[in-house]
Structures are given as structure tokens and as C-alpha cells.
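Here the structure comes first, spelled out in C-alpha cells, and everything after it is commentary.
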There are 2 protein chains.
Amino acid sequence: MERPELPLAQLHAFVVLAEELHFGHAAARLGIAQPPLSQQIRRLEDKVGHALFSREPGRVTLTPAGRELLPAARRALADLADGLAAARAAGSGRAGRLRIGFAASLALTVLPGLLRDFRQRFPGVRLDIREMTTAPQLAALCDKSIDIGLLREPPADEAELSFRTILTEPFVAVLPAAHPLAAQRTVRLAQLAGSPFVLLPRAAGPRLHDQIVGLCAAAGFTPQVAQHAVEWQTVCALVETGLGVSLAPASIRRIRLKGVAFRGIEPGAARTRVAVGWRTHDRNPLVAHLLATVSQDRPDVSQPPQPGHDALP
Amino acid sequence: MERPELPLAQLHAFVVLAEELHFGHAAARLGIAQPPLSQQIRRLEDKVGHALFSREPGRVTLTPAGRELLPAARRALADLADGLAAARAAGSGRAGRLRIGFAASLALTVLPGLLRDFRQRFPGVRLDIREMTTAPQLAALCDKSIDIGLLREPPADEAELSFRTILTEPFVAVLPAAHPLAAQRTVRLAQLAGSPFVLLPRAAGPRLHDQIVGLCAAAGFTPQVAQHAVEWQTVCALVETGLGVSLAPASIRRIRLKGVAFRGIEPGAARTRVAVGWRTHDRNPLVAHLLATVSQDRPDVSQPPQPGHDALP
DNA sequence: CCGCTCCATACCTCTAGAGATATCAGGCGA
DNA sequence: TCGCCTGATATCTCTAGAGGTATGGAGCGG
């Protein structure tokens, strides 16, 4: 790429003169005297190396060189005016692009409402939304390929990142409908000791995985994982086939499968957190906007299960 | 249209830094020291009103405002580089647009060869070709809406315009095939006195019209025009129907109609001229190129008619 | 011929910015 | 801790150009 040769002020004067085809009128339109305009055009012509205007008695016309330069000058001036407006809008937080990563299960809880509210308040902002499990979200936040992460069980020791809990929800047992424990309203964790488990891999969400395993340990057993699945929807489908049972965040009740029963657990004090994450020193105003939207938008899903939701045997 | 706010040199530096994301490397690439680059970017940021780069320990990244400005800056710089190259090419005669007007009958003579040769020699030049009769061509040359005119019988008294004869051709009589005179190889003009004529209106080509009328007058009669037609092809079609006879430039023999006979005339000394016209003081190098091409490209159509061309009764 | 219009040229002042050198401050790694 | 890397800041010189005023030359019309 070479250095630009033509000054924009001169190109602007050129365009105005090309429209007026009269040095006096163009000078008045530019708010200057005629001789300085004459000099400006001369300087531009010297830089191009050819006359851009033909000066005849009684009229000024464009030369072929001038006719070639005019559309390019117009386009460039317009490009820059647009780009400057867009840069200012982005800088002030009225426009721009916000890149959001989210864990799949959050599509069942906070994501829809948050996106709706944000779009309503900031229609000029383009949202780039990508599904990613927790660990990849943390990496993407650090390397700046996303601006916002929506995830579960945020880490406590990320130096560059900050997190804020949006909501907490209890766990539920996920059982095949025909499972003997499905007949109960609530399941004691110890009762699950004899059943194989279907769980997400630790790598997908280390803290959530460890929390679930920890609950089982507190109940006196280590879950025997028969199958891993990255998505909670897949977990439910495998449970439905009778492959095993699971422990999951309560919001997955929204996944409605005939052959799956969701039951409250005892002890029921444990909760899993949903959080928004961002780079601590990120000054992007859109990030601040989204955090503000999250703070005003806190749906409560800690209500008890409603009758009719589960497939009763 | 407002004045441009951002200097191109600063935008150029911005683009290079956005590519390198390292002040030292970008400065080296620009051929300056790092502090001046730092100052330049600062000045640009002050003009935009927002930081364009985020400076963190160990790395430089674009802000949202910077990300919005980058494509616009790139486009504008490219537009101007292209426009400047096009202006220079047009100014030096390597490229640009040439607007040519031509009388329809010249499509039967000089036009195809001229266009072919010119395109071969100047492939970068766009040709804008419009069919116009002689009088509109003269007006368009004067008001600069065409650069070149190809016409017949150029005027002798146009102050701003110059003309050069490309070729001359004799006249032929245009007769219905069943006309008694069609049996002759050559027709004396006086023999046409009793027949109605089909001619182009004087307004379409005053001098050609007057030349034809003058030939008849020299032969002792004034042609009785039964019908006018602007195109020679239409003239031939009307002659074919038996509506009348005509006198026309010899090249219209190329219009092949079964029911039309073309015959040489006596006296046969008169010739009609085909000329190229241009504005005398036009400095457009493409005009010079075309005039040069015309000078090297002089097909000779003054040969006698070849057997088999005419419909014999 | 004279007055007016139109664009060019000459000369002037002022300013912004381009680029330089010198230096500082912060962070990182050995 | 020290050395190195990186970007910022301070200060300086120089130049191009932006815009002004005054004037000149050409052409046109009354």
C-alpha cells in the first residue's frame, strides 16, 4: 500500500467545483474567496499531473481526467464520512458489534429474555451470538474473540475476567419414566447410588461437573458414569432410553420428553449459578450496556416444580 | 456535503498499524520513527473522539470504534488510488471514454473498420457510440456531449469545429427493379425527371440534400419529392414499393433488397464526402488518437460496381 | 470604447502537522 | 534487580498549504 497522494480538502473542493462548473459559485459554496479556490485546484492538478478542468471563455468543463477522478473522489469522501459516523457510534455505545458466547442450556433460561431486552434498548448494535461450553468461553474472553460469556459456575481465579451471577437454580434428578424412583415426588441422593449415570464431560464445564460429583460424594457414593454427553438435551435423551440417571440444573425441565421424569432431590440446598463474564478492563461501552441489561433482567426460576410437568407412571 | 475531517496520511498510518498491531513494526513499515507514529494516531483519535486502539501490556488491539473505521479507511484509500490511476490514464490518453456520433449510413462504410482498428490500438478506452444525423452531431460537438462526429458533407463555416474528409464516393440512382430505367446499366439524370423522388429531409443533412437537389437542377429539373425518410434503408424500402426513385451515396448498395436496382449516373463526376469532425481546440488525447487512426485507415470504395450486385429484370 | 464578469497570478501571514531526537514509565523475563 | 522492549510525552524544526488581498488579462455585451 502506497501513501495517499491527494489531500481530501482538495478533493472536496474539486467535487464542489465539478458540480458548480463556476469558480465563483463553488468558492462561495465552500465559504472562501475565488483565488484560493483557483490555487487549490491548481495544486490538485499539479499532483495528478493533468488538468482536471478546461477553462474556456464563459464556461468551465471537466476534462477526461477530471471525469475519471470525480466518481472516485465522491465515493472516498462518502466512505470516510460513513466510517467516521460508524466509529463514533461504536465509540459512544450506540452502535457496533457485541460478540456473545453462551452455554447451550442457557438458551432454556436467561438468554432469550436478555437478547430481547437488549435488542429493544440498543437496536443499532449488532449481536454476534455463538454457542460454546464454559471452558472455550473463558479462552475466547481472554483472547478477545468474544466480548461477553454466559456460563455456569464461573471460576474463582481468572485474573483478567470478572463474573457476575445472574441467577441460581437447584438441581433435579433426571430419571427414566419407568424408573422405580420416578414414582416418588422427591428423590434422596443416596437412592441414586445403584444407578449408572449420564453426565457431561468434565472438560465441558469443570466446576459444574465437580459440583455434581461432589453432591454424590456427600451422599456417600461416586457416580458411575455410563455415558458422557456435551448437551443436556442429549443427556435427557440417553436417560429416556434407560441408559442411566442424571443430576442437572432445574431449568432443563423445559426439555420435554415423554419418557423422562424430573424429580427434586434431598438434600435440596445445593444450587448451580448462571453468570455473565467479561474482561475486567474492557472499556467497550456495549459491554457496560449488556451488564446493565442483565442487572435489570433477573427472572426467578427458583420456584417449586409445577404439577403436570412430569410423566407420571 | 461537509468538509472532510480526517487526513488521509493519518488514515493510512491507522490502516498499517491495524494490520501490524505493533507501533514499532508499523513505524518501520511506514519508514518513520515510533514516536511520530504514536503522535499521529493520537491526533487521529482526538479527531474521531474515541480511542481507536487499546494499548495493553504486551499487545495492541483495535477498539470497537477502530474496528468500524478500518474498512471505511481501506475502501477510501483504494477508491482514491484507483481514481488517481484512472485520471492519469485518461489524461495521458491510455484510457478514458470517447463519445462518437455517427450518421447511420456510415455503418455501411467507414465505421466498422474504424472501430475495430481503434479498439485494437487502444483497448483501455471505452467507446460510447451514438447514431445521430449530421445536424444533431454538430450541435453535440459544440456542447461537448460528443467528442467525435462521423458525418457527410461537413459544413464550411463552423467556427469551433474542424473536419477532415475520410473518403468520397459517387452517387447512384436507386430504382424499383421493375422500373424501365433499371434495364440500363447507367442512367442519365435527366431521365429521372418524370419520376417522383424519395429523399431524406433537408433538416437531417442540409448539405447532402442540397447537393442531390443541385445535381437534379444541373440536369434541368427539380425533383418532386413524394416521400421523405431519415434513413437510407427506409428510402430503399420505399423505392422498392414503387413509390419513387432516389439518388444516394454509392455505399448504400450494401443494402440488399430484391426489388431495388442501383445504377450509375451520368454525368458521374459528383461525389459525396464522408468526414470526421471534432472541436478544433479539444486537447483530449483520445481525440488525437482517433484522428490518427482515421488517417491510417482509408478504405477505397471508389471502385466500379461489381456484377451481380443488382437485381436485373 | 467602457464596464463588468470570470479566472489566474503574485505575494503575504499563519497554522497544523510531519518527522526528528531525547527521555520517561511500565511491564516482563532471566 | 537489571536489562530489554514497548508505547507515550516533551520539545524542536521545517514545510506545505489554507486563505487572504491586490491585481492582471481575456472576453462579452451595451
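Just so we're on the same page: letters track the sequence lines, and every chain starts at 1. Being a predicted model, the structure only gives us computed values, none of them experimental.
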Problem - Leu286(B) side chain reached by Phe122(B) side chain, heavy atoms, under 4.5 Å - result: no
Practice task
Kindly compute the distance separating OG1 (Thr61(A)) from CZ (Arg67(A)), expressed to the nearest 0.5 Å.
Solution key: 8.0 Å
Practice task
Encode nucleotides 1-11 of chain C as B, S and - characters from 5' to 3', where the letter depends on protein heavy atoms closer than 4.0 Å: B to the base, S only to sugar-phosphate, - to neither.
Solution key: -----SBBBBB
Completion exercise
Applying salt bridge (charged side-chain N to carboxylate O under 4.0 Å, His left out) to Arg279(B) and not counting sequence neighbours gives Asp147(B), Asp282(B)
Problem - Passing option when Gln40(B) is tested against His12(B), Glu45(B), Gln10(B) for side-chain contact (heavy atoms from CB on, under 4.5 Å) - result: Gln10(B)
Practice task
Specify the separation, in whole Å, of atom CG of Leu8(A) and atom C1' of dA18(D).
Solution key: 15 Å
Exercise for the section: Name the closest nucleotide to the Ile32(A) side chain, picking from dG20(D), dA20(C), dA18(D). Expected result: dG20(D)
Problem - salt_bridge(Arg97(A), Glu68(B)) N-O dist < 4.0 Å - result: no
Handout entry: Note: Arg126(B)-Asp128(B) ion pair, threshold 4.0 Å (strictly below)
Key = no
Handout entry: Check: Glu153(B) side chain, Arg273(B) main-chain N or O, donor-acceptor pair, under 3.5 Å
Key = yes
Practice task
Please state how far atom CG in Leu37(A) lies from atom P in dG20(D), giving the value in whole angstrom units.
Solution key: 11 Å
Handout entry: Lys/Arg N to Asp/Glu carboxylate O, Lys144(A) vs Glu56(B), below 4.0 Å
Key = yes
Output one line per pair: protein atom, nucleotide atom from nucleotides 14-17 of chain C, and distance, for all N/O pairs under 3.5 Å.
| unit_1 | atom_1 | unit_2 | atom_2 | d |
| --- | --- | --- | --- | --- |
| dG17(C) | OP1 | Lys47(B) | NZ | 2.7 |

